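Below is one structure, written out as structure tokens, with a few remarks after it.
Worth saying up front: this structure is predicted, and the values here are computed from it rather than measured.
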Amino acid sequence: MISGTLVSPLPVFVTILSILVLLVVLKFRRSNGRYPIRPFPRDMVLLHQCGKGPHAPSLSPFIMKLETFLKVAQIPYQIVRDYKMGPKGKVPWMEYNGMVLCDSQLCMEYLIAELNLDVDAHLSTKERAVSTSFQRMADEHTYWLMVHWRWAIDKDKICFKEANWGIMALAVSAFLQKRATKTQGVGRHSKTEILNIIRRDFEAFSNFLASYTFCKGTKKYFFGDRATCVDCSVFSQISQVLWHLPNSEPQNILKNEFPNLVEYCHRMKDNFWPDWNENILISTDS
Amino acid sequence: MSSIETIRSFLETHVKEIGAVVLATAALLFVRKLRQAPRQVFPRNVVIHHQVGRGPFAPSIMPFAVKLETYLRMVKVPYKNVHDSYQHRSSKGKLTWIEYNGTQVADSEFSIKFINQTFGVDPDKHLTEEQKAMGYAMQVMVEEHTYWAVTLFRWVYERAEKINKYLGVPAILRYFLVEGLRKKCKAQGLGLHTPQEVRQIMAADLRTLQSFLGNKLFLLGDEPCKVDCAIFGLLSQMYWQSFGGENETTIKEFPGLCSYCERMKARFWPDWDDCITQGGTKAATN
């Protein structure tokens with residue numbers, strides 16, 4: 001074997017092999033992670049999430065959606081801030097009596113079936129259909145518009161900095177999210193087009209909230225005076241614009257053109273989040 | 001310092017080779033530009049609808065192209081199909097777009113808004129705000145959620161095998177197409193679920209549509225509107241162009257939606273058989 005000025009091949013080979021093995025192990029560790037990871041209290045949801053948001057309980061609308069649902073359905077739960085990703089590499093995720101579940105919508109559907117909850121039980125078939133469509137719209141469309149705004153258009157990222165995100169985390173997340181929104185589709189639109197689409201989404205929420213065909217009693221929420229699953233989704237998505245996009249054009253559109261949505265968010269916050277101020281980093285009077 | 005000297009000495013000793021590579025690249029690019037066909041001149045006062053070509057069993061394999069063309073027929077606006085989208089993509093890099101008297105508009109929804117403004121048409125003017133809100137939510141659900149489930153089955157889980165019979169993409173390219181789409185669906189979110197979960201989610205969306213449709217002829221009443229075009233765009237792919245795959249099996253569990261598809265076809269596509277290639281056996285005459 002010629003050595004001399006060349007690096008000896010064996011350590012190079014071992015280094016490359018170890019890096020490859022490490023990559024493979026890391027890839028499979030995420031999908032086959034050992035869950036549950038500790039003994040669990042019975043009949044209590046362990047809600048795994050990240051840190052508190054600066055002005056609303058989380059910077060993630062899906063964490064807020066699942067936690068709001070637990071409050072609406074009055075299910076006892078404990079927050080676990082372990083910053084660990086769930087089985088599908090997403091947060092939030094939860095454990096319940098040894099079952100591990102990921103994805104906020106699947107978690108809600110599981111709990112409704114398992115605990116025989118009546119959150120949506122009073123809705124007719126048609127109301128359920130309308131409820132599902134608004135939930136899909138909030139979580140699969142309004143969400144991406146908000147994500148594109150906060151990562152691609154908003155240069156200041158004030159709320160992330162208030163939540164102590166470091167420069168590296170901001171740079172990496174911005175790169176990944178911009179790529180994701182381009183893949184999803186909304187990332188290809190211009191700023192004006194994005195604002196028009198956001199306005200269309202808000203208009204649909206606002207007009208439906210203000211309409212009375214599906215109303216039984218006073219219209220405090222989407223389907224009357226009882227909060228249902230769709231309220232958890234819509235509230236969580238709009239709350240990111242209301243509380244985590246300060247002085248932005250989407251927030252101005254929301255406050256100036258759709259005051260009933262702003263009132264709706266405050267109503268959800270006042271009625272279901274009495275502990276709001278304990279769950280945010282920067283307490284204000286709003 | 002020594003690395004800069006190394007690079008400089010490399011450049012100095014290989015001037016001829018580097019020059020040859022640069023010249024060859026420039027020549028190739030120049031020839032390619034020359035060989036590109038000049039932009040066609042289109043007739044005036046006619047909407048030019050850029051598409052990828054007629055499909056084997058539905059007017060296009062792209063749901064948004066079927067949506068847009070159905071809409072053009074609904075509002076009875078003069079239009080001409082030009083099947084050149086692969087060579088001339090929209091400004092957003094997508095395959096469905098229009099141009100009119102030199103103005104180019106990308107994205108099916110912006111195209112519809114442009115058509116409405118240019119021709120002073122509005123098939124939705126008889127709807128209440130609440131109906132428009134519910135219709136919009138249904139459309140967004142189909143285009144931003146169900147669309148990804150359909151894409152997952154057609155292109156990822158079934159590896160585009162069935163549809164490739166009519167596309168003729170070579171196996172190696174098909175591999176990269178499938179894996180690229182798998183990554184895109186994971187970035188969107190739906191691709192993180194198992195196929196069984198995606199199927200359930202897709203069925204839940206279709207159940208929502210069927211429940212909302214009920215006994216009505218079209219989604220929002222006895223007269224079709226813009227939302228019907230959007231929904232028909234995607235459902236047509238599931239009903240006629242899934243070649244026995246899971247998308248077709250799923251929609252056939254919802255007879256209300258199947259008869260809705262037939263109704264839309266009868267209403268807006270009396271020349272359907274001339275707009276398809278009958279499984280690639282003949283050229284579409286329309």
Measure distances from [X] to the heavy atoms of chain B and classify the residue's part below 4.5 Å as side chain, backbone, both or neither.
{"X": "A/Asp201", "answer": "both"}
{"X": "A/Arg136", "answer": "side chain"}
{"X": "A/Glu193", "answer": "both"}
{"X": "A/Ile197", "answer": "both"}
{"X": "A/Arg200", "answer": "both"}
{"X": "A/Lys182", "answer": "neither"}

Taking every non-hydrogen pair under 4.5 Å, which of [options] racks up the most with chain A?
{"options": "B/Glu109, B/Lys113, B/Lys132", "value": "B/Glu109"}
{"options": "B/Gln200, B/Lys184, B/Gln210", "value": "B/Lys184"}
{"options": "B/Glu197, B/Arg207, B/Lys94, B/His193", "value": "B/His193"}

Item to check | Exam field: side chain A/Ser233 to backbone A/Gln135, donor-acceptor pair closer than 3.5 Å | outcome: no
Next on the checklist: Taking NZ in A/Lys191 as the centre, count heavy atoms belonging to other residues, nucleotides or ligands within less than 6.0 Å. Is the count above 12?
Outcome noted: no
Next on the checklist: Heavy-atom count check: over 12 atoms from other residues, nucleotides or ligands less than 6.0 Å from B/Tyr175 OH?
Outcome noted: no
Using 4.0 Å as the upper bound for N to carboxylate O, is an ion pair formed by [Y] and [X]?
{"X": "A/Lys88", "Y": "A/Asp103", "result": "no"}
{"X": "A/Glu249", "Y": "A/Arg199", "result": "no"}
{"X": "B/Glu158", "Y": "B/Arg174", "result": "no"}

Checklist entry - Less than 6.0 Å separating the ring centroids of B/Tyr239 and B/Phe254? => result no
Checklist entry - salt bridge (charged side-chain N to carboxylate O under 4.0 Å, His left out) between A/Arg128 and A/Asp120: does it pass, once the steps are laid out? => result CA-CA 8 Å; A/Arg128 264 175 232 262; A/Asp120 281 6; 5.7 Å; no
Next on the checklist: Need one label for B/Asp107: side chain, backbone, both or neither, based on atoms under 4.5 Å from any heavy atom in chain A.
Outcome noted: side chain
Next on the checklist: Under 4.5 Å from any heavy atom of chain A, what part of B/Ile201 do you find: side chain, backbone, both or neither?
Outcome noted: both
